[in-house]
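Since we're looking at a predicted model, the values are computed, not measured. Remember, it's 1-based here, ligands and their atoms both numbered in the order they're listed.
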Amino acid sequence: MPKIVSARVIVTSPGRNFVTLKIACDDGTTGVGDATLNGRELAVASYLADHVVPCLIGRDAHRIEDIWQYLYKGAYWRRGPVTMAAIAAVDMALWDIKGKVAGLPLYQLLGGASRDGCMVYGHANGTTIAETIEAALDYRRQGYKAIRLQCGVPGMASTYGVSKDRYFYEPADNDLPTENIWSTAKYLRVVPELFAAAREALGWDVHLLHDVHHRLTPIEAARLGKDLEPYRPFWIEDATPAEDQEAFRLIRQHTTTPLAVGEIFSSVWDCKTLIENRLIDYIRATVLHAGGITHMRQIASLADLYQIRTGCHGATDLSPVTMAAALHLGLAIPNFGIQEYMRHTAETDAVFPHAYRFADGMLHPGDAPGLGVDIDEELADSFPYARAYLPVNRLEDGTMWSW
Ligand SMILES: O=C(O)[C@@H](O)[C@@H](O)[C@H](O)[C@H](O)CO
Ligand SMILES: [Mg+2]
């Protein structure tokens, strides 16, 4: 059995910060796991290096479930984004090792392929509706079957999801939080116009998505859901702050627009009420933020009982290691819905060589043993950490709001 002999926490910043755990075994097998928590990276790096790695040395790398339970129950202070990202990194690395030892791509160990590939969605955005539509048409030309639409709001200097660079979106843009001003009234007027223009330009055989990004109250989210019904969105995401699970009951009473939530969830306990009451249609929890492949598979299985599908988060602040793990899981589970795919920069792709490939609107994880991704440690060490924060939002009167 492969015994863990070392584990290195690698903090690198090829254009943005990533935290990666690389575990090595006595037989020379290595595995990688993503531990990136955007804006709080060093907290997870320390949690791993100072509190988790000492407990891993000498353990049987094949005992994934036992190590998961040891790190979860043994911490005493359970759950939360830092703890669960650290556990996720260990879990991903151990599944990577198991696949390499077996000589199989991870999806084969998870039950084999349930589909030909994982449908992904691109990210059309622009400061105006016209610019956003233009970007969406470009994604269509690239073969995407699903496209997220985010556009600027007249009268607001900036808003979530609108990038200075048309195809690479990185919100963590400053070594102290950028302060944005937010107006719900102005926003609620624009989004229906955006979707009307998008259906006019793109037609109906493309899925259109939108990320509300936690910024509406439940009744405002219900209003938006109703206003968008004529345009049949694939989903509206994070319609209201997700910890208020009961709020989704109110939204559900007013609209049939599908609801997606969960990228900030760190365990099944964050979404159990939402799932068991069918208050959502897609669960967006991720391998990285929700405790790894082991726990994400548990969440997906619970969701499957209630005809809820996965729609895992896949922004640039989740490294190619998480993307690879998400694709292996997404290929195998019965209730895969869609996978978010924000392309990484060339610098990031060079640090994390990977087997997954895009074709015909889908990503496939490839058939390399394990996760099919690695980290080039020498190249990674050439990109030093640079503190970066996500923005914050204030209302026009200065009240702190969700970003
Ligand atoms: O759906 C999404 O991709 C967004 O919610 C993310 O861009 C999110 O803002 C970032 O991952 C935060 O770090
Ligand atoms: Mg989101």
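- The protein heavy atom nearest to atom 5 (O) of ligand 1 is Glu263 OE2, 2.5 Å.
- For ligand 1, the atoms closer than 4.0 angstrom to any heavy atom of Glu340 are 1 (O), 2 (C), 3 (O).
- The Met342 neighbourhood of ligand 1 comprises atoms 3 (O), 7 (O), with distances under 4.0 Å to a heavy atom of that residue.
- Coordination check, Asp211 versus the Mg ion (ligand 2): passed, since an N/O/S atom of the residue sits under 2.8 Å.
- Using a 4.0 Å heavy-atom cutoff, Glu237 is listed among the residues neighbouring ligand 1.
- A salt bridge links Lys145 and Asp360; the closest N-O separation between the charged side-chain nitrogens and carboxylate oxygens is under 4.0 Å.
- A donor-acceptor contact under 3.5 angstrom links the side chains of Arg215 and Thr159, judged on distance only.
- Around the Mg ion (ligand 2), the two atoms OE2 of Glu237 and OE1 of Glu263 are separated by an angle of 80°, to 10 degrees.
- The shortest contact between atom 9 (O) of ligand 1 and any protein heavy atom is with His213 NE2, 2.8 Å.
- Counting heavy atoms from C-beta outward, His328 and Gln108 have side chains that stay 4.5 Å or more apart.
- For ligand 1 and Asn38, the ligand atoms under 4.0 Å from any heavy atom of the residue are 13 (O).
- For atom 7 (O) of ligand 1, the closest non-hydrogen atom of the protein is Tyr160 OH, 3.0 Å.
- Residue contacts with ligand 1, taken as heavy atom pairs separated by less than 4.0 Å, involve Leu390 solely via side-chain atoms from C-beta onward.
- The part of Arg148 lying near ligand 1 is the side chain, judged by heavy-atom distances below 4.0 Å.
- Heavy atoms of Tyr121 found under 4.0 angstrom from ligand 1: none, in either backbone or side chain.
- Here the two rings, on His354 and Tyr356, have centers that are under 6.0 Å apart.
- In this structure, Tyr169 has its ring center under 6.0 Å from that of Tyr160.
- Under the 3.5 Å distance criterion, with hydrogens and angles disregarded, no donor-acceptor pair is assigned to the side chains of Thr322 and Ser319.
- Between Trp403 and ligand 1, no N or O atom pair is found at a separation short of 3.5 Å.
- Within 6.0 Å of the CH2 atom in Trp77, the count of heavy atoms belonging to other residues, nucleotides or ligands does not exceed 12.
- Residue, atom and distance of the protein heavy atom nearest to atom 10 (C) of ligand 1 are Asp317 OD1, 3.4 Å.
- Ion pairing between a basic and an acidic side chain is recognised when a charged N comes within 4.0 Å of a carboxylate O; Arg284 and Glu340 show such pairing.
- Backbone and side-chain nitrogen or oxygen atoms of Asp211 are examined, and one is located within less than 3.5 angstrom of a nitrogen or oxygen of ligand 1.
- Salt-bridge check for Arg189 with Asp227: failed, with every basic side-chain N at 4.0 Å or more from each acidic carboxylate O.
- No donor-acceptor pair under 3.5 Å is formed between the side chain of His313 and the backbone N or O of Ala285.
- The Ala315 neighbourhood of ligand 1 comprises atoms 3 (O), 6 (C), 7 (O), 11 (O), with distances under 4.0 Å to a heavy atom of that residue.
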